[in-house]
Structures are given as C-alpha cells and as structure tokens.
Amino acid sequence: MTEETPRHILERLEIAILTGETLQLHWAGPDDGPDAGRAWMGRVTPREVTADDRGHHWLEGTCEGETVHIRLDRIRNMPTPVK
C-alpha cells in the first residue's frame with residue numbers, strides 16, 4: 001500500500017507546469033536496481049504528473065536536456081512559488 005500524495009504537492013507542481021517554471025529539486029533514486037541509494041539535484045522543468053497502477057505519482061520533466069521521471073515521494077524538497 002502506498003501513501004497518497006498530499007494535494008498541496010500536486011497543486012504546486014500543477015502551477016509549475018502551467019507557468020513553465022523551473023524548479024531546483026533534490027530527489028532520491030529507487031530502492032533497488034543500478035541507481036539504488038543514489039541522490040540527484042538539478043533544475044527540473046516539469047511537464048506532466050502521472051500515476052501508476054501501484055498508486056505512485058510521478059513527475060515527468062526535463063533536467064539539463066534529459067527527460068527525467070521522478071517519483072513524488074522521493075522528492076526531498078519542494079520550492080515555494082515565487083511571485
């Protein structure tokens with residue numbers, strides 16, 4: 001069973017997607033596989049938030065020209081909106 005992603009996180013990412021905002025994010029990799037235990041930090045431009053059949057929410061975006069897929073519960077910071 002997975003924890004539900006808090007609504008304020010989804011709303012924050014929705015705003016970033018709609019405005020084309022780039023976020024400075026720090027996130028952790030998966031628990032298993034070649035990237036297990038690895039952490040990343042980068043400027044991510046969000047494009048879409050999706051959910052998989054296990055209930056995990058994913059952020060798709062670009063970071064340094066590469067497409068990234070970040071599981072929302074792995075994001076270690078969530079920048080506040082800038083006015």
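The shortest distance between side-chain heavy atoms of Thr5 and Asp73 does not fall below 4.5 Å.
Pairing each heavy atom of Glu21 with each of Leu23, the nearest pair is OE2-CD2, 3.4 Å. Scanning both residues, Gly29 and Arg74, for their nearest heavy atoms gives O-NH1, 3.4 Å. Closest approach of Ala39 and His26 over heavy atoms only: CB-NE2, 3.9 Å.
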Take His69 and Leu59 through the side chain to side chain contact (heavy atoms under 4.5 Å, CB included) test and state the conclusion after the steps.
CA-CA 6 Å; His69 298 275; Leu59 170 65; over 6 Å; no
Please walk me through it: do Met78 and Leu13 pass side chain to side chain contact (heavy atoms under 4.5 Å, CB included)?
CA-CA 9 Å; Met78 185 56 64; Leu13 292 171; 4.1 Å; yes
Evaluate the side chain to side chain contact (heavy atoms under 4.5 Å, CB included) criterion for residues Met41 and Gln24: first the C-alpha distance (whole Å), next the side-chain angles of each, then the deciding distance (0.1 Å), finally the verdict.
CA-CA 7 Å; Met41 181 180 253; Gln24 180 71 32; 3.3 Å; yes
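For the residue pair Thr62 and Thr67, no side-chain donor N or O sits within less than 3.5 Å of a side-chain acceptor on the partner.
Rounding to the nearest 0.5 angstrom, the gap separating the CD1 atom in Ile70 from the CG atom in Leu72 is 8.5 Å.
In the hydrophobic clustering of this structure, Ile75 does not group with Trp58; members are Ile, Leu, Val, Met, Phe, Trp, Tyr whose side-chain heavy atoms approach within less than 4.5 Å, directly or through other members. When the side chains of ILVMFWY residues are joined at heavy-atom separations under 4.5 Å, either directly or via intervening members, Trp27 and Leu10 end up in a single hydrophobic cluster.
Take Ile17 and apply the side chain to side chain contact (heavy atoms under 4.5 Å, CB included) test, not counting sequence neighbours, and it matches Pro46, Val49.
Between the Asn77 side chain and the Leu25 main chain, no donor and acceptor come within less than 3.5 Å of each other.
Applying the salt bridge (charged side-chain N to carboxylate O under 4.0 Å, His left out) definition to pairs two or more places apart or across chains, those involving residues 57-66 are Arg47-Glu60.
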